[in-house]
Amino acid sequence: MTAEELLEKQTEELARQQGLKSRILCCTAAGCISCGADGVRHALAAEVEAQGRTGSVEVCGTGCMGMCGRGPLVLNSSDGQLYGNVTAADASALISDNASDREGLAARSIDLKAPFFSRQLKIVLANSGRVDPEKLADYIAAGGYQSLAKALEEMTPRDVVQQIKASGLRGRGGAGYPTGLKWELVAKQIQPTKYVVCNADEGDPGAFMDRSVLEGDPHRVLEGMAIAGYAVGAQQGYIYVRGEYGLAIQRLQTAIKQAEREHLLGTRIFEQGFQFRIDLRIGAGAFVCGEETALIASIEGKRGQPRQRPPYPPASGLWGAPTLINNVETFANIPPIIERGGDWFAGIGTEGSKGTKVFALAGKIANTGLIEVAMGATLREILFEIGGGIPNQKFKAAQTGGPSGGCIPEQYLDVPVDYESLAKIGSIMGSGGLIVMDETSCMVDVARFFMEFCMDESCGKCIPCRAGTVQMHDILHRITTGAASEQDLDMLKSLCELLRETSLCGLGQTAPNPVISTLKYFAQEYEAHIREKRCPAGHCHIAPAGQEARA
Amino acid sequence: MPASATANVKDNREKLLERAMSRHQYSGDALIEVLHTAQELFGFLSRPLLKTIAQKLRLPPSRVLGVATFYHFFSLKPKGEHTFVVCLGTACYVAGGLSLIENLERRCAKAGQTTADGKVSIETARCIGSCGLAPAVIYDGNVLARVTPQVLDTELNKIGAQ
């Protein structure tokens, strides 16, 4: 396909869509599918057929619409009204051209003007819930692959890197390394073989942003990777995706095949000399493989164990070749930056953190789901305006960054969410999991939970992490069962220091973070468990006094 | 099933595994892909199977065993007829995932094990990414949302578990 043909295709598809009476968008992301969206979609399609309206009404499956807590979600484009908790029995009303036929569904309608939607700013998720992830034409109609065409036809690789640098985009995997700098490092290497790797090994418990992007808009990630390949001079890309993400894998496979057929990937992309292939590598369930050197080892078919850095992957990565590794959300930001320019992107967000961030809201919150906000929004805005607050209970803490992050207490709700501010209060941006806890959650138990996670997931290569996480978990377990002493608490604190300073990779270095932050903000809970042998949240089972020695 | 039919099915699986290896040019780098295929075909990775793979990919058996045991996804023991995977990610944990696993462990087997009659396997997962539906359980590949111990009891009774 040439760039002109791409434009023609877009016009054609848009005209076809406008010719329809209505499009019925049915969310088919993993969340809605597990509450029965597949059945709803089939019922809608069957109803369209039964009424003989195949020419004027189209039923499309889409990516995540955001309000995962109220799925299955269906939207009728003719009146733009979104409905939640839909069942197959609603099919006939949902496809009707007459909005009055949907009056019976009014109680389940979701107000798109509510803060949950109006306070969001969608760049990465712009197409999510609007295009069919299994149809290339849908993505093209939404302007897809035009950034790749622009990069190849109007820009040199150096221009592309310059735009990414100007945008101020930072890695969305959690650490926040400036993306443009990383690209420049790889582009500068003189070796002929280079690789682009997309890290889709989203392992933080409570995070499902990358999964939603891959399921809802896979072509966007492919396009971002192809642009990266052009910019750094790579011809081969890999997506390392979690084995648990079956639907994402399936949709990526479909998307890659479609793009190759149209020469948007593979050889002679846009009839130019540039070629770029993308292959999938399926992870096999190891959290540590999110660490870049472990991920490389895993793609090479080895145990996913990290190695000493430097050399960093931009100098020596996959099979020793220069390798660019970015996260899913980072690649998803690339097409809009190329389309609208780095300066446009740099105008969004805060001084040090540009653009938007996707968060997965979960835990004790009214609106669980997927949201995207401009950097610098406060936690209060995210949790209470967009998230709808905490049902029936009082807010206690928000956990960001998964097992490498921390718990943020109420007094910091007005801190802007960006890389620096979160680091200052002892947490991290992380990949975007945001879990809300109320008064019924015990913070010591939360710390124990994350330590158990790190203990299980430690790869065993370096001793501080392998042995330290076991010792820390042991102490935390004793605290939550009421069997710990004051010395245990001192030992816990010194182990935090030890792991942070001496572990080989990020997993061990950040494993103490949940403990450090809960010790800092919820010290009284630790003390209550140790001195008074009671759990203030009423969560832990503590044996009555006198029996704890046997626990 | 007659003996010849069983043999045929087996042959077919071996052929499919062979094809997967040849697609990767018997490269040792493709070990994880090959193990994925092998587990898909045979349900689990037996010792003889691992040995065959090691020979074909020209890798030391220790490397193949090392990789197979490193990743949670690979199982070296056969699975039960039905599998419950209880999510214990943060969101599911704070929503009560623990009581679900306690219920299953009481009724069936410890997490990571299969009941003696081979009927039910119990597993746990570290976040399946369905946090909006917490607590979630994957029952034979389908995600169940907002699960309670009662829901599990109903499912267990349906399949006649003890």
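Chain letters run A, B, ... following the sequence lines, proteins first and then strands; every chain starts at 1. The model shown is predicted, which means the values in this text are computed figures rather than measured ones.
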From B/His72 NE2 over to A/Glu457 CD, what is the distance, rounded to the nearest 0.5 angstrom? 3.5 Å
Between A/Arg281 and chain B, with a heavy-atom cut-off of 4.5 Å, which part of the residue counts as in contact: side chain, backbone, both or neither? both
Can you tell me how far the NE2 atom of A/His539 sits from the CG atom of B/Leu98, to the nearest 0.5 Å? 7.0 Å
B/Leu59, B/Leu35, B/Leu88: which one forms the most heavy-atom pairs within less than 4.5 Å of chain A? B/Leu88
Let's test your reading of the structure: which of B/Gly66, B/Ala91, B/Ala125, B/Gly141 forms the most heavy-atom pairs below 4.5 Å with chain A? B/Gly66
Per-residue contact mode, A/Leu361 against chain B (heavy atom under 4.5 angstrom): neither
Could you state the interatomic distance from CD1 (B/Ile32) to OH (A/Tyr240), rounded to the nearest 0.5 Å? 5.5 Å
For a side-chain contact (heavy atoms from CB on, under 4.5 Å) check, start with the C-alpha distance between B/Thr90 and A/Phe453, then their side-chain angles and the critical distance, and finish with the verdict. CA-CA 10 Å; B/Thr90 324; A/Phe453 181 90; over 6 Å; no
Non-hydrogen atoms of chain B under 4.5 Å away: do they reach the side chain of A/Ser212, the backbone, both or neither? neither
With only heavy atoms counted, which part of A/Arg211 is less than 4.5 Å from chain B, the side chain, the backbone, both or neither? side chain
Is chain B contacted by the side chain of A/Cys442, its backbone, both, or neither, given a heavy-atom distance below 4.5 Å? neither
To the nearest 0.5 Å, how far apart are CD in A/Glu244 and CZ in B/Phe73? 6.0 Å
Could you tell me the separation between the CD1 atom of A/Ile282 and the OG1 atom of B/Thr37, rounded to the nearest 0.5 Å? 10.0 Å
Side chain / backbone / both / neither for A/Asp438 at chain B, heavy atoms under 4.5 Å: neither
Honestly, the part of A/Phe450 sitting under 4.5 Å from a heavy atom of chain B is side chain
Neighbour count >12 (heavy atoms, 6.0 Å) for atom NE2, B/His24: yes
With chain B as the partner, which of A/Leu370, A/Asp456, A/Val288 has the greatest number of non-hydrogen pairs under 4.5 Å? A/Asp456
Among A/Gln305, A/Lys302, A/Glu202, A/Arg303, which residue forms the greatest number of heavy-atom pairs with chain B at distances under 4.5 Å? A/Arg303
Select one option (side chain, backbone, both, neither) describing which atoms of A/Glu215 are under 4.5 Å from chain B's heavy atoms. neither
Counting heavy-atom pairs closer than 4.5 Å to chain A, which one of B/Val64, B/Val34, B/Val67 comes out on top? B/Val67
State, to 0.1 Å, how close A/Cys35 and B/Leu133 come at their nearest heavy-atom pair, and which atoms those are. SG-CD2, 4.0 Å
Max heavy-atom pairs within cutoff under 4.5 Å with chain B, candidates A/Cys289, A/Ala286, A/Gly304, goes to A/Gly304
For atom CZ of A/Arg307, decide whether the heavy atoms of other residues, nucleotides or ligands shown that lie under 6.0 angstrom number more than 12. yes
When heavy-atom pairs shorter than 4.5 Å are enumerated against chain B, which of A/Lys364, A/Met67, A/Arg242, A/Arg70 gives the highest number? A/Arg242
Where B/Arg146 and A/Gly69 come nearest, the two heavy atoms and their spacing: NH2-O, 2.8 Å
Interchain contact, B/Ser27 with chain A, by part (heavy-atom threshold 4.5 Å): neither
Here the gap from B/Phe70 atom CZ to A/Ser298 atom OG, rounded to the nearest 0.5 Å, amounts to 8.0 Å
Please determine, among A/Gly71, A/Gly206, A/Cys68, the option with the most heavy-atom pairs under 4.5 Å with chain B. A/Gly206
Interface moiety of A/Ala207 toward chain B, non-hydrogen atoms closer than 4.5 Å: backbone
Count the heavy-atom pairs under 4.5 Å between each of A/Gly246, A/Gly243, A/Gly363 and chain B, then report the option with the highest count. A/Gly243
Closest non-hydrogen contact found for A/Ser34 with B/Val143 is CB-CB, 3.3 Å
Report which part of A/Met437 has an atom under 4.5 Å of a heavy atom belonging to chain B: side chain, backbone, both, or neither. side chain
Go through the steps for B/Asp29 and A/Trp319 under the test side-chain contact (heavy atoms from CB on, under 4.5 Å), then give the verdict. CA-CA 10 Å; B/Asp29 289 346; A/Trp319 296 292; 2.8 Å; yes
